[in-house]
Student: 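Take this structure, written in structure tokens, and hold onto it; I'll ask about it next.
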Amino acid sequence: MQKLAYKKIAVFGGVYNNYLALEALVKDAKNRGVEKLYCLGDLGAFGPNPDKVFPILLENNIEVVQGNYDNSIGNDLSDCQCGYTDPQDNYFAQISYDYTFANTSAEFKSYQKRLPKKIRIELGGKQVLLCHGSPRQTNEFLWESATPNHFLEKLFQNHESDIILTTHTGIHWQRQLSDDKLFANIGVIGRPENDGETHVWYALLTENGNIGIEFIPLEYDSKNLASEMKEENLPQEFIDTVLTGWWTTCLEILPVKERVRGKY
Amino acid sequence: MSLESLKAHDSTWEIIAAEIPKYKPKFDDIPSAPLHSLDTLWFQVGGTICNLWCTHCFISCSPKNHKFGFMPREEVMKHLEESKEIGVKEYYFTGGEPFMNRDMLGILEDTLAIGPATVLTNGILIPERVAKRLKAISENSIYSLEIRVSIDGFTEETNDKIRGEGSFRKAMAGVKNLVENGFLPIITVAQTWEDSETERIFNGFKKTLTEVGYNRPRIKMIPPLRIGREKVRSHGYDKYEYITKEMMVDYDDHLLQCTTGRMVTDKGVYVCPILIDSPEAKVSDTLAESFEPYPLKHQACYTCYISGAICHNFSASEN
């Protein structure tokens with residue numbers, strides 16, 4: 001475990017090739033006095049030109065947990081292991097996977113292969129466990145409306161820690177549990193949250209006696225991303241999501257409470 | 001076989017089923033499935049009692065089948081309490097027809113206080129009054145309440161041939177009430193057609209559902225389980241259709257429901273929602289004792305193996 005001397009860290013998930021959001025995040029986090037950046041995985045998918053993400057990670061010394069996407073890309077697998085089960089969801093997932101795989105350099109693939117599945121850090125005396133879907137399964141979906149407290153408490157028992165941070169679903173939420181345990185799904189910076197807003201989200205963890213998690217909405221140049229996606233011949237459905245903030249694909253995996261808030 | 005002749009034969013269907021040759025795999029070639037974690041807890045809350053008499057029902061539910069009874073609210077509550085200790089992730093309620101159980105709304109209230117719930121229903125007993133109650137229960141919880149409505153054809157003619165006269169019209173009324181009360185019911189369709197027809201049928205459902213105001217329908221298609229009444233309606237499993245040890249090599253056994261779930265009935269805990277008609281599929285009386293690995297010796301296990309945990313809301317399907 002790394003014992004951190006930092007007071008403020010930023011944690012984000014799901015870059016999905018969105019290097020413009022990643023650039024904006026680095027700048028925004030530095031302006032807020034963030035000392036260290038952590039990414040919970042899924043570097044590729046959805047957006048254009050995967051290799052543009054790589055130098056930003058290296059230049060800013062960002063530590064990255066391996067997501068299912070990174071595991072697939074790094075190990076030359078034939079699909080993203082996203083965990084979708086609906087044929088329509090899988091159809092679109094495969095388009096973005098094939099594109100990302102074909103456009104990722106060997107060096108970036110090899111980097112993704114070597115990423116750790118979990119990172120443990122100590123911040124302000126609290127043990128923080130960073131993972132992708134859940135501590136027990138990389139591609140597990142933990143939605144706010146489908147994750148009981150007692151289930152989370154069991155996760156804390158089985159994976160000793162005070163704070164668990166995950167991503168994978170694409171929608172952020174947090175819950176305070178008994179025994180001062182704190183769970184959060186920190187969302188993604190790769191695509192908006194299906195709420196009609198074009199911004200994306202990341203999390204700030206600040207040590208001030210206790211640890212608090214603050215979710216930060218992040219604006220980036222979504223129009224520029226959309227035109228680059230068009231140049232790369234990515235599906236119009238993906239471009240519409242970037243421009244409108246509504247999910248148009250991979251919807252069948254959403255529980256009803258999350259689904260009903262969206263447009264499609 | 002027609003619905004009428006099936007009904008006539010229903011009381012003696014076991015005799016008919018027994019006439020279909022069974023194939024038993026060699027004992028030492030049967031793999032076992034461990035329970036990795038009890039994530040999905042099922043309740044046979046409606047027993048085998050149903051207001052319909054569907055020709056493909058894999059546990060032969062009917063108004064007269066009392067093999068499994070309704071589960072009272074207190075009994076469900078007892079298991080819900082036990083499930084918290086275990087760390088169960090989600091709860092499913094089926095039957096029979098769950099809404100024939102007068103305790104059903106109370107049971108859903110209790111469940112949604114602790115976690116997400118899904119009800120598998122034929123949609124017939126969801127008048128506006130019930131839909132409004134369900135809405136109130138759902139809005140009172142941070143967890144999702146999913147309603148899955150079984151409809152087997154997108155026209156009255158095709159559906160009623162399987163589910164009985166008038167069932168299409170009544171189920172669609174239930175769907176409409178749910179949609180008007182903010183639900184996005186998952187329409188569950190058992191595949192009784194050739195694969196080449198799937199796209200046409202999917203689009204047919206979309207159109208029919210849109211016409212009653214369900215503009216973004218969720219549709220789940222599942223393969224039929226060739227046991228119970230379905231074994232008589234179509235045909236049983238072929239003799240090669242069972243799981244062998246060799247088939248489990250490099251297979252992700254999380255796709256099998258028995259590796260992450262159990263089924264509670266008024267007669268004890270069963271290995272999965274599909275096999276409750278097999279006495280040997282009863283694994284224990286309490287959840288705590290239900291964790292032993294289970295031998296995959298039933299031919300219905302083959303459908304689960306091929307299609308992925310088909311009973312789950314977000315499971316893989318062949319389509």
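A note on names: the letters A, B, ... follow the listed sequences, proteins ahead of strands, and every chain is numbered from 1.
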Student: Side chain from CB out, backbone as N, CA, C, O: work out which of these in Leu145(B) comes under 4.5 Å of a heavy atom of chain A, or both, or neither.
Tutor: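 It is the backbone, since no side chain atom gets that close.
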Student: Could you tell me which non-hydrogen atom of Pro148(A) sits nearest to which non-hydrogen atom of Ile114(B), and how far apart they are?
Tutor: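 Closest approach of Pro148(A) to Ile114(B): CB-O, 3.2 Å.
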Student: Between Phe141(A) and chain B, which part of the residue has a heavy atom less than 4.5 Å away: side chain, backbone, both or neither?
Tutor: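 Contact with chain B: backbone only.
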Student: Against chain A, label Asp39(B) side chain, backbone, both or neither, depending on which of its atoms sit under 4.5 Å from a heavy atom there.
Tutor: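 Asp39(B) touches chain A through side-chain heavy atoms alone.
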Student: With a sphere of 6.0 Å drawn around CD of Glu211(B), does it hold more than 12 non-hydrogen atoms of other residues, nucleotides or ligands?
Tutor: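 Enclosed: over 12 neighbouring heavy atoms sit under 6.0 Å from CD of Glu211(B).
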Student: Any side-chain heavy-atom pair from Lys89(B) and Glu140(A) closer than 4.5 angstrom?
Tutor: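 Heavy-atom side-chain distance check passes, below 4.5 Å.
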Student: Check whether Glu146(B) reaches the backbone of Val256(A) with its side chain - one donor and one acceptor, N or O, closer than 3.5 Å.
Tutor: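 Such a contact is found between Glu146(B) side chain and Val256(A) backbone.
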Student: Is the number of heavy atoms from other residues, nucleotides or ligands under 6.0 Å of Glu292(B) CD greater than 12?
Tutor: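 Not buried by this count: 12 neighbours or fewer within 6.0 Å.
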Student: Is chain A contacted by the side chain of Ser138(B), its backbone, both, or neither, given a heavy-atom distance below 4.5 Å?
Tutor: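 Looking at Ser138(B), backbone and side chain both touch chain A.
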Student: Can you tell if the side chain of Ile142(B) reaches within under 4.5 Å of the side chain of Arg175(A), non-hydrogen atoms only?
Tutor: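 Yes, side chains in contact.
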Student: Can you confirm whether Lys176(B) is buried at NZ, in the sense that more than 12 heavy atoms of other residues, nucleotides or ligands lie under 6.0 Å from that atom?
Tutor: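 12 or below, so no.
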Student: Under 4.5 Å from any heavy atom of chain A, what part of Ile86(B) do you find: side chain, backbone, both or neither?
Tutor: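 Backbone only.
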Student: Report which part of Leu142(A) has an atom under 4.5 Å of a heavy atom belonging to chain B: side chain, backbone, both, or neither.
Tutor: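 It is the side chain, since no backbone atom gets that close.
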Student: Could you tell me which portion of Tyr91(B) (side chain, backbone, both or neither) has an atom closer than 4.5 angstrom to a non-hydrogen atom of chain A?
Tutor: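 The side chain, not the backbone.
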Student: Before you tell me yes or no, could you show the steps for Arg259(A) and Ser144(B) under side-chain contact (heavy atoms from CB on, under 4.5 Å), namely the whole-Å CA-CA distance, both residues' side-chain angles and the distance that decides it to 0.1 Å?
Tutor: CA-CA 10 Å; Arg259(A) 178 82 182 256; Ser144(B) 273; over 6 Å; no
Student: Heavy-atom distances under 4.5 Å only: say whether Glu144(A) touches chain B with side chain, backbone, both or neither.
Tutor: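 Backbone of Glu144(A) only, per the 4.5 Å heavy-atom cut-off to chain B.
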Student: Would one find more than 12 heavy atoms of other residues, nucleotides or ligands at under 6.0 Å from atom NZ of Lys109(A)?
Tutor: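 Yes, NZ of Lys109(A) has more than 12 neighbouring heavy atoms, counting only those of other groups under 6.0 Å.
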Student: Calculate, to the nearest 0.5 Å, the distance between atoms CD and CD1 belonging to Glu252(A) and Ile219(B) respectively.
Tutor: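 Those atoms lie 8.5 Å apart.
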Student: So, the side chain of Lys154(A) versus the backbone of Glu85(B): is there a donor-acceptor pair under 3.5 Å, distance only?
Tutor: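 Yes; at least one donor-acceptor contact below 3.5 Å.
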Student: Does OH belonging to Tyr91(A) count more than 12 external heavy atoms closer than 6.0 Å?
Tutor: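 Atom OH in Tyr91(A) is not crowded, with 12 or fewer foreign heavy atoms closer than 6.0 Å.
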